[in-house]
Visitor: 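Sending over a structure as structure tokens; questions will come in a sec.
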Amino acid sequence: KGESTLSITVVGASGDLAKKKIFPALFALYYEGCLPQDFSVFGYARTKLTHDELREMISGTLTCRIDQRENCVDKMDQFLKRCFYHSGQYNSEEDFAELNTKLKEKEAGKLSNRLYYLSIPPNIFVDVVRCASLRASSVSGWTRIIVEKPFGRDSESSGELTRCLKQYLTEEQIFRIDHYLGKELVENLSVLRFSNLVFEPLWSRNYIRNVQLIFSEDFGTEGRGGYFDQYGIIRDIMQNHLLQILALFAMETPVSLDAEDIRSEKVKVLRSMKPLLLENVIVGQYKEHSKGGKAYPGYTDDPTVPNHSLTPTFAAAAMFINNARWDGVPFLMKAGKALHTRGAEIRVQFRHVPGNLYKKNFATDLDKTTNELVIRVQPDEGIYLRINNKVPGLGMRLDRSDLNLLYRSRYPREIPDAYERLLLDAIEGERRLFIRSDELDAAWDLFTPALKELEQKKIIPELYPYGSRGPVGAHYLASKYNVRWGDLE
Ligand code: BG6
């Protein structure tokens, strides 16, 4: 703080992500007093806009949380006064040089730090970092760049992107976002494991039968079909969001909470995994469905999607970790769009109680009586542990009940958006929640062979109606490993 100044440049300022997530998160940080005293925000994009037009555009997206209502409107005005705009091409050195001059005026000889958020398609990342000469920038403090997936389509293209970026940037400058790592419950995963005696001793093949990572959205690719069709659900959700959760879930205890220690443990667990086999993945695609008099379009009805697209909008996969802790335990992932509900959960199913004295006293079949730990990432964040309990009364009947930590009752304040935490960390130089390049490589190595085979063999996705629970194939896959999917609550 003091005599230093921070400029945050959002490249791609008129795009959806910038409007929906980045500017609102920056404002929330400003409201909380988390930004340095002296800061400015620059929007950069091709559209011609004045500073006021940018402010107008942003102002419609800013909101105050329930606990941030005081002086909210004044704060918004003050924040907007710090927002500026510069229009330019993404591949023009001159345009970026002009931006640089404007940044320098604001920095006025102070110790200056710069954060660039590249909220643009990855095929122009390299143009931008080259034209903006971000490595050699004449800044007296640090220059950091936030980039967001997709980082390529497979191991080769991702490796190529990394090599190109590294011509212009050092690894320390690159902050690769996976916004799931900024979600409260995902961050809490390590706290749950490593600060409670009751979980860690059970965290292995000795007690855990299977682990399920489930992502479900109740809407289709509306408006994003063009992007989505090039990637599909495995690249959009599994290879990053779900795999990152898996790595945090399964890693060994890190030496410390230091970013490098944590990321090294995550890489280790990813490298201990076997690449996904085609026989362990099933794919689906949603089709048109009418419900309650309303017609919901199928994936290929989207005008930006080719009529005969085979791109999966649903996938289920079984993966395994080849190490002493997890040998033989299926890690099942399921991700889909246009399903019956929206939610993301981690479900841990424990083994049966050996020689259970009470097996006769259960009303349900024994398979449904095993303990289960559920971490609900969203919505309605919570953690609950399913235990067996005696139903009160004179008889001896057991049922399954929950020890339930519901965030909205226990912590009745709004949870900050993931982008707030991640932006703050990038400003503070905290890399724990960002993806290191070796992590990214390891993640692609796990999915690339199956992705290629799916495409080469033109595997036809199983169709499922919009708003349904997805293809039945997911159940066959799970039953191959004696697993029954938990239902999103
Ligand atoms: C993005 C995907 O990374 O995550 C989208 O590209 C998906 O397809 C989104 O909708 C889900 O994020 P959240 O935070 O709304 O669960």
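Remember, it's 1-based here, ligands and their atoms both numbered in the order they're listed. The figures here come from the full heavy-atom set of this structure, side chains too, leaving out hydrogens, waters and symmetry mates. All figures in this text were calculated on a predicted structure; none of them were measured in a lab.
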Visitor: Partners of Phe219 by ring pair (Phe, Tyr, Trp, His ring centres under 6.0 Å), sequence neighbours excluded?
Guide: none

Visitor: Would you be so kind as to tabulate the donor-acceptor pairs closer than 3.5 Å made by side chains of residues 117-128, with sequence neighbours excluded?
Guide:
{"unit_1": "Tyr117", "atom_1": "OH", "unit_2": "Glu148", "atom_2": "OE1", "d": "2.7"}
{"unit_1": "Asp127", "atom_1": "OD1", "unit_2": "Arg130", "atom_2": "NH2", "d": "3.2"}

Visitor: Using the side-chain hydrogen bond (donor to acceptor under 3.5 Å, both in side chains) definition, which of the options Asp402, Asn404, Asn371 pairs with Arg386?
Guide: Asp402

Visitor: Report the residues that fulfil salt bridge (charged side-chain N to carboxylate O under 4.0 Å, His left out) with Lys291, sequence neighbours left out, ordered by chain and then residue number.
Guide: none

Visitor: What does the contact table look like for ligand 1 (nitrogen or oxygen on each side, cut-off under 3.5 Å)?
Guide:
{"unit_1": "ligand 1", "atom_1": "3 (O)", "unit_2": "Lys149", "atom_2": "NZ", "d": "2.7"}
{"unit_1": "ligand 1", "atom_1": "3 (O)", "unit_2": "His241", "atom_2": "NE2", "d": "2.7"}
{"unit_1": "ligand 1", "atom_1": "6 (O)", "unit_2": "Lys149", "atom_2": "NZ", "d": "2.9"}
{"unit_1": "ligand 1", "atom_1": "6 (O)", "unit_2": "Arg224", "atom_2": "NH2", "d": "3.1"}
{"unit_1": "ligand 1", "atom_1": "6 (O)", "unit_2": "Asp236", "atom_2": "OD1", "d": "2.6"}
{"unit_1": "ligand 1", "atom_1": "6 (O)", "unit_2": "Asp236", "atom_2": "OD2", "d": "3.4"}
{"unit_1": "ligand 1", "atom_1": "8 (O)", "unit_2": "Arg224", "atom_2": "NH1", "d": "2.8"}
{"unit_1": "ligand 1", "atom_1": "8 (O)", "unit_2": "Asp236", "atom_2": "OD2", "d": "2.6"}
{"unit_1": "ligand 1", "atom_1": "8 (O)", "unit_2": "Lys337", "atom_2": "NZ", "d": "2.8"}
{"unit_1": "ligand 1", "atom_1": "10 (O)", "unit_2": "Glu217", "atom_2": "OE1", "d": "3.3"}
{"unit_1": "ligand 1", "atom_1": "10 (O)", "unit_2": "Glu217", "atom_2": "OE2", "d": "2.6"}
{"unit_1": "ligand 1", "atom_1": "10 (O)", "unit_2": "Lys337", "atom_2": "NZ", "d": "3.3"}
{"unit_1": "ligand 1", "atom_1": "12 (O)", "unit_2": "His179", "atom_2": "NE2", "d": "3.1"}
{"unit_1": "ligand 1", "atom_1": "14 (O)", "unit_2": "His179", "atom_2": "NE2", "d": "2.8"}
{"unit_1": "ligand 1", "atom_1": "14 (O)", "unit_2": "Lys183", "atom_2": "NZ", "d": "2.6"}
{"unit_1": "ligand 1", "atom_1": "16 (O)", "unit_2": "Tyr180", "atom_2": "OH", "d": "2.5"}
{"unit_1": "ligand 1", "atom_1": "16 (O)", "unit_2": "Gln378", "atom_2": "NE2", "d": "2.7"}

Visitor: Does the side chain of Tyr464 pick up a donor-acceptor pair with the side chain of Thr313 at under 3.5 Å?
Guide: yes

Visitor: Just checking, is any N or O donor in the side chain of Tyr90 or Asp95 under 3.5 Å from an acceptor N or O on the other one?
Guide: no

